[in-house]
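Beneath this line is the structure, given in structure tokens, with notes to follow.
Letters A, B, ... are given to chains in the order of the sequence lines, protein chains preceding strands, and every chain is numbered from 1.
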2 protein chains.
Amino acid sequence: MATILDIARLSGVSKSTVSRVINNHPHVSEDSRTKVMEAIEKLSFVRNARGVNLRTQTSKTIGVTIPVLDHPYFSPLVGMIAAKCRKAGYKIVIFQTFYSIDEENKIYEKLTENELDAVIITHTLLGEKKIKQRVRDKIVLICNEPLQTRHLDVFSLDERDAVYSSTQYLLKEGRNQLLFCADEEKTPLQRQRWEGFKQAHLDLNKSCTIQQKLSGYSTIEEGILLGDEIFSGHCNHDGIFAGSDFLAAGLLSSAKKHGVSVPKELSIIGFDNHPICLTTFPALSSIQNQTELMVKDLMHCLLDRLEGKKFPTVRKVYKGNLVIRGT
Amino acid sequence: MATILDIARLSGVSKSTVSRVINNHPHVSEDSRTKVMEAIEKLSFVRNARGVNLRTQTSKTIGVTIPVLDHPYFSPLVGMIAAKCRKAGYKIVIFQTFYSIDEENKIYEKLTENELDAVIITHTLLGEKKIKQRVRDKIVLICNEPLQTRHLDVFSLDERDAVYSSTQYLLKEGRNQLLFCADEEKTPLQRQRWEGFKQAHLDLNKSCTIQQKLSGYSTIEEGILLGDEIFSGHCNHDGIFAGSDFLAAGLLSSAKKHGVSVPKELSIIGFDNHPICLTTFPALSSIQNQTELMVKDLMHCLLDRLEGKKFPTVRKVYKGNLVIRGT
DNA sequence: GTGAAAGCGCTAACAC
DNA sequence: GTGTTAGCGCTTTCAC
């Protein structure tokens with residue numbers, strides 16, 4: 001593998017000049033430039049990024065956390081982030097946490113080891129202090145998770161409000177025995193959803209107990225399994241608030257299997273307004289959010305931070321709305 | 001940020017000893033070790049990976065290509081790869097190609113720039129020569145794409161055979177006007193599928209024309225749109241071979257909307273046996289593949305290559321089978 | 001416009 | 001068991 005020194009020798013100039021040519025610096029004579037270019041061509045030289053990284057103390061790489069790579073909500077979210085990063089000249093490395101605190105800690109470790117220029121956290125089981133303590137002065141942005149913090153930039157959806165108004169909608173429709181299904185309940189996001197659910201009941205003078213809350217379900221398979229459990233005996237619920245559209249689709253197919261009529265006997269509301277909503281029968285009602293806008297603002301802020309611009313911590317919240325379909 | 005030199009000074013030993021402690025080398029006195037550990041603790045030192053990367057000429061990072069991050073087949077595939085890489089101590093950086101040759105070239109560029117220790121290609125629009133020419137002597141493995149090459153390790157599914165037998169199944173069931181829907185038709189994989197489709201017709205003395213082949217469809221939305229086109233007028237097809245389960249689900253929902261009875265008038269077969277198959281009505285028939293096994297073998301080979309083991313090019317093909325459900 | 005020289009943070013061969 | 005030393009490949013002052 002040729003280095004700039006090889007190029008320098010072959011073209012009869014110094015390492016500095018070669019570097020200038022590679023980096024398109026001005027103030028290089030046309031003569032030197034062509035000689036260097038020829039040498040580069042001849043030795044099929046490619047610049048070794050590891051040298052650059054050490055010297056410049058950057059790597060043009062951004063870390064992103066995701067619970068699982070294959071996730072109907074997080075995959076598109078991270079995909080959007082990745083595409084925008086690429087456009088700005090950054091690569092992204094993805095860390096799957098599997099909702100494990102250990103795995104989450106590891107990404108912060110990588111950040112402090114300077115392999116990453118910044119990290120975007122899409123969900124977290126850790127609190128502000130823990131995160132801060134691990135990342136110290138590095139660039140960290142929170143995307144999607146409504147983390148309570150005054151020291152990190154946070155871009156999140158108004159989960160509480162979205163669930164609140166959807167729950168009220170169901171209650172006002174005459175549904176009384178609602179069920180709330182959460183993914184991983186220990187994140188701030190899931191807590192907010194549950195609060196919205198609870199508050200909606202309170203504000204309409206309806207009781208709401210912890211028995212109405214189920215946790216740890218999110219995939220189609222889990223929806224089917226859960227549904228088989230709920231619907232096999234006597235089901236006294238007339239409405240289910242599912243944490244994701246996939247879960248909702250699984251529940252719906254199970255309900256049909258057990259002869260539970262949707263939406264007559266049972267209403268189901270999903271989350272994220274994934275296209276899968278259109279393939280079920282009846283089509284799934286779901287909560288739609290402004291994720292694109294959120295990512296756009298996030299990237300704007302990230303790029304500013306990477307440029308070293310100074311400004312106060314950003315905190316933005318985006319409203320969602322219920323899309324009513326057949327369930 | 002403290003460096004090993006700072007640690008060395010504070011603990012009264014040399015850089016080498018600090019390095020030995022950090023890397024758990026034997027032959028370090030208990031005394032030195034504790035002194036170093038204390039200094040590390042005191043200065044909250046974390047090793048700077050950029051220095052290590054330059055020195056060792058590795059980065060414990062593997063690049064993986066994916067068409068889009070949010071893809072019902074590729075997301076779980078890459079997720080599995082990522083999880084196994086992590087276990088082996090490697091990070092992965094994901095490159096979305098969006099089926100663009102330009103984007104694909106960029107990942108090979110990164111590879112030659114030494115930012116990556118190896119690359120896993122899951123699909124490609126380029127031929128063997130182009131890839132070889134760009135990556136030169138770097139480690140490249142092909143996962144999923146049945147690329148014709150004698151110089152790269154290839155792990156792929158027997159797409160041709162899976163489609164062949166499924167098509168024969170449909171034809172023998174009495175279906176005569178089949179439609180074949182491909183994702184991005186320019187990859188070797190899609191060509192193989194089409195060949196299987198064609199051959200199945202030939203072997204049963206049925207005609208098969210290029211008009212039966214549709215390309216560029218893969219998502220639920222595209223399935224619905226395509227279905228609306230096909231089913232709105234008079235539909236003379238009695239069987240559709242969809243390139244993915246999501247596409248199939250979209251087609252199915254559109255068929256129902258237009259009053260086309262499935263499976264009576266129309267049969268639909270999907271690909272990948274995604275859980276979504278269980279949520280449609282009727283449940284989708286689909287082709288199931290041995291992806292887990294493929295990834296397992298791939299990783300084994302990759303790790304061997306990274307260790308520098310020498311062995312002839314590996315080429316493995318895995319059989320799939322049709323899971324018959326309601327469509 | 002160009003080159004010499006310093007150094008980013010780390011590891012490892014070698015000598016003791 | 002430990003320190004000295006060289007150097008991975010690159011960028012960037014600074015002087016000319």
Q: Sequence neighbours left out, what passes side chain to side chain contact (heavy atoms under 4.5 Å, CB included) with A:Ser156? Give chain and number order.
A: A:Pro146, A:Val154, A:Val317
Q.
What I'd like to find out is whether the side chain of A:Val18 reaches to under 4.5 Å of the side chain of A:Val21, using heavy atoms alone.
A. no
Q: Could you tell me which residues satisfy side chain to side chain contact (heavy atoms under 4.5 Å, CB included) with A:Ile101, sequence neighbours excluded, listed by chain and number?
A: A:Asn105, A:Leu125, A:Leu126
Q: Check salt bridge (Lys or Arg N to Asp or Glu O under 4.0 Å) between B:Arg305 and all other residues, then give those that pass, not counting sequence neighbours.
A: B:Asp153
Q) What pair of heavy atoms forms the shortest contact from B:Met80 to B:Thr291, and how long is it? A) CE-O, 3.9 Å
Q. Where does the chain B footprint on DNA chain D start and end, counting 5' to 3' with a 4.0 Å heavy-atom cut-off?
A. D:dG1 to D:dG9
Q. Mind checking what makes salt bridge (Lys or Arg N to Asp or Glu O under 4.0 Å) contact with A:Lys309, not counting sequence neighbours?
A. A:Asp304, A:Glu307
**Q.** Pairwise side-chain contact, B:Val295 with B:Leu77, heavy-atom cut-off 4.5 Å (strictly under)
**A.** yes
(Q) One character per nucleotide, please: for nucleotides 9-16 of chain C, 5' to 3', B when the base has a protein heavy atom closer than 4.0 Å, S when only the sugar-phosphate does, - otherwise. (A) BBBBB---
**Q.** With B:Arg47 via salt bridge (Lys or Arg N to Asp or Glu O under 4.0 Å) - residues at least two apart
**A.** A:Glu113
Q: Return the set of residues passing salt bridge (Lys or Arg N to Asp or Glu O under 4.0 Å) with B:Glu103 (not counting sequence neighbours), or none when no residue passes.
A: A:Arg86, B:Lys106
(Q) So, using side chain to side chain contact (heavy atoms under 4.5 Å, CB included) as the criterion, who are the partners of B:Leu303 when residues are at least two apart? (A) B:Ala88, B:Tyr90, B:Met299, B:Leu306
Q. To the nearest 10 degrees, what angle separates the axes at the start and end of the helix from C:dG1-D:dC16 to C:dC16-D:dG1, five pairs each?
A. 30°
Q. Looking at DNA chain D, which of residues 31-39 of chain B put a heavy atom within less than 4.0 Å of it?
A. B:Ser32
Q.
Taking the side chain as everything from C-beta on, heavy atoms only, tell me whether A:Thr97 gets closer than 4.5 Å to A:His123.
A. yes
Using a 3.5 Å cut-off and no angle test, enumerate the donor-acceptor pairs between side-chain atoms of residues 58-66 of chain B and protein atoms at least two apart in sequence or in another chain.
from, atom 1, to, atom 2, distance (Å)
B:Thr58, OG1, B:Thr56, OG1, 3.1
B:Ser59, OG, A:Arg50, NH1, 3.0
B:Ser59, OG, B:Glu115, O, 2.9
B:Ser59, OG, B:Asp117, OD1, 3.4
B:Thr61, OG1, B:Ser59, O, 2.7
B:Thr65, OG1, B:Thr122, N, 3.0

